[in-house]
Amino acid sequence: MSLKFPLSGRAIRRLARKYAAEGRILDVMLDIVFKLLFTANDDDSREALRLLLSDCTHRSVRNVQVQNNEILPEYLTGKTVRLDIHVTFNDGEQADLEIIIYEMPKLKKVVKAYFEGKVELKNLSPEQKWCIYFRYKGNEKMESLIQELCRQEEGIMRADRALSKISRDQEKWAKALFREKAAMDYSSGLYAAGKAGEERGIATGYQRAEAKYTKLLEEKDRENARKLKAYGDSIEKIASVTGLSPEEIKKL
């Protein structure tokens with residue numbers, strides 16, 4: 001999904017209504033769609049999230065409770081997915097998980113090998129299967145692969161059904177399109193500010209933007225460090241994960 005040119009709010013609403021009526025599928029690779037998919041008030045959505053977490057943690061998850069289901073204005077143009085979740089594993093242990101970002105493995109070779117008959121889906125890891133679904137859902141050339149994944153994996157089948165449901169909701173489409181428009185507007189603003197700065201010999205627009213988002217990232221590192229510290233992780237481990245100095249961590 002991509003807006004080819006700037007649209008007014010009214011035009012975006014019309015486009016959202018059109019796409020929902022046509023049954024066009026939302027792009028799950030967009031962070032807001034990912035959140036909408038796994039936090040919908042729907043049995044398929046809840047079960048898909050439970051099974052996704054079970055696959056990613058390699059532990060059976062019994063219950064999932066989403067604690068943070070809002071996209072904050074300051075993260076409107078960010079590329080990071082944040083989803084705070086409280087889980088109960090089958091053995092009774094509970095944990096708070098924060099989905100921030102999941103780096104997809106290189107999939108092209110795996111998919112190519114599958115279509116050449118060199119790799120069977122049953123031999124792929126659960127994470128690979130989910131990533132293939134996220135990456136290639138909506139790609140007509142990959143439809144047979146997606147359907148096979150849905151047949152073999154209940155979690156992916158549930159996610160696919162949930163995605164079809166939210167894709168028929170024009171409000172969900174409107175949120176996704178407004179999100180994309182905000183990202184385009186932000187990028188255009190940065191570019192214009194940068195060009196103006198170059199003409200004056202200074203790039204104040206980029207500097208301000210960089211300072212703002214550097215501050216946000218630093219605050220996020222400190223927040224993560226506090227959580228890890230509360231869990232009892234060592235200063236050295238926290239420093240390696242967050243990039244903060246041991247002195248900074250000790251002060252938190």
Side-chain angles (χ1 to χ4, degrees), residues 25-26 28-71 80-107 110-111 113-114 119-138 142 145-167 220 223-234 237-238 240-242:
I25 298 297
L26 286 158
V28 73
M29 291 291 286
L30 293 177
D31 55 359
I32 190 170
V33 176
F34 184 93
K35 292 193 72 169
L36 291 170
L37 169 60
F38 287 106
T39 59
N41 185 22
D42 175 88
D43 287 341
D44 282 324
S45 177
R46 286 188 286 268
E47 189 65 3
L49 178 60
R50 185 185 71 81
L51 292 169
L52 170 64
L53 294 174
S54 295
D55 286 339
C56 290
T57 60
H58 302 284
R59 295 181 63 182
S60 295
V61 173
R62 185 174 69 203
N63 184 58
V64 179
Q65 181 179 1
V66 177
Q67 298 176 319
N68 171 41
N69 188 21
E70 296 295 329
I71 290 190
T80 299
V81 174
R82 178 181 175 184
L83 195 57
D84 294 332
I85 299 168
H86 182 79
V87 303
T88 303
F89 295 102
N90 276 9
D91 60 6
E93 183 181 353
Q94 298 184 8
D96 290 325
L97 304 179
E98 182 178 306
I99 298 179
I100 301 176
I101 191 167
Y102 191 95
E103 184 175 355
M104 289 190 175
K106 295 180 180 179
L107 301 175
V110 175
V111 171
Y114 167 79
V119 170
E120 294 186 37
L121 289 184
K122 66 180 181 180
N123 296 326
L124 300 183
S125 69
E127 294 95 329
Q128 284 178 311
K129 294 176 184 178
W130 277 104
C131 287
I132 288 172
Y133 176 77
F134 293 144
R135 175 66 180 83
Y136 294 109
K137 175 62 180 177
M142 301 294 177
L145 172 57
I146 297 301
Q147 291 304 315
E148 185 62 27
L149 284 170
C150 290
R151 283 191 291 269
Q152 291 191 17
E153 300 294 326
E154 182 186 359
I156 295 177
M157 178 269 290
R158 293 270 196 166
D160 197 59
R161 291 200 317 210
L163 182 61
S164 294
K165 292 173 189 175
I166 67 171
S167 295
K220 187 61 187 172
E223 180 184 342
N224 288 334
R226 291 190 190 95
K227 291 180 179 179
L228 293 173
K229 195 174 181 181
Y231 293 151
D233 287 343
S234 68
K237 180 179 178 180
I238 297 172
S240 66
V241 171
T242 64

At what distance, to the nearest 0.5 angstrom, does [atom1] of [X] lie from [atom2] of [Y]?
X: I146; Y: I132; atom1: CD1; atom2: CD1; answer: 8.0 Å
X: T88; Y: Q65; atom1: OG1; atom2: CD; answer: 8.5 Å
X: T57; Y: F89; atom1: OG1; atom2: CZ; answer: 4.5 Å
X: E153; Y: D55; atom1: CD; atom2: CG; answer: 6.5 Å
X: L52; Y: E127; atom1: CG; atom2: CD; answer: 9.5 Å
X: L149; Y: I156; atom1: CG; atom2: CD1; answer: 4.5 Å

Sequence-distant partners of [X], side-chain contact (heavy atoms from CB on, under 4.5 Å), two or more places apart:
X: E120; answer: K122, N123
X: N41; answer: R46
X: Y114; answer: L121, L145, E148
X: S60; answer: N90

Shortest non-hydrogen contact from [X] toward [Y]:
X: D42; Y: A162; value: OD2-CB, 4.5 Å
X: L26; Y: I166; value: CD1-O, 3.8 Å
X: V28; Y: F134; value: CG1-O, 3.4 Å

Starting from the C-alpha separation in whole Å, work towards a yes-or-no answer on side chain to side chain contact (heavy atoms under 4.5 Å, CB included) for M157 and E47.
-> CA-CA 10 Å; M157 178 269 290; E47 189 65 3; over 6 Å; no
Answer yes or no: is there a side-chain heavy-atom contact under 4.5 Å between V33 and L163?
->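 Answer yes - side chains close enough.
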Non-hydrogen side-chain atoms of R59 and D91 separated by less than 4.5 Å |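 Yes, at least one pair of side-chain atoms sits under 4.5 Å.
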Partners of R62 by salt bridge (charged side-chain N to carboxylate O under 4.0 Å, His left out), sequence neighbours excluded?
->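 R62 satisfies salt bridge (charged side-chain N to carboxylate O under 4.0 Å, His left out) with no residue once adjacent residues are dropped.
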Salt bridge (charged side-chain N to carboxylate O under 4.0 Å, His left out) with D44: which residues, sequence neighbours excluded?
->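 By the salt bridge (charged side-chain N to carboxylate O under 4.0 Å, His left out) rule, D44 matches R158, R161, K165.
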Any donor-acceptor pair under 3.5 Å linking the side chain of S45 with the backbone of L37?
->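 Looks like yes, one N/O pair under 3.5 Å.
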Please state whether the rings of Y133 and W130 are parallel, tilted or perpendicular, taking 30° and 60° as the class boundaries.
->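 Y133 vs W130 ring planes: perpendicular.
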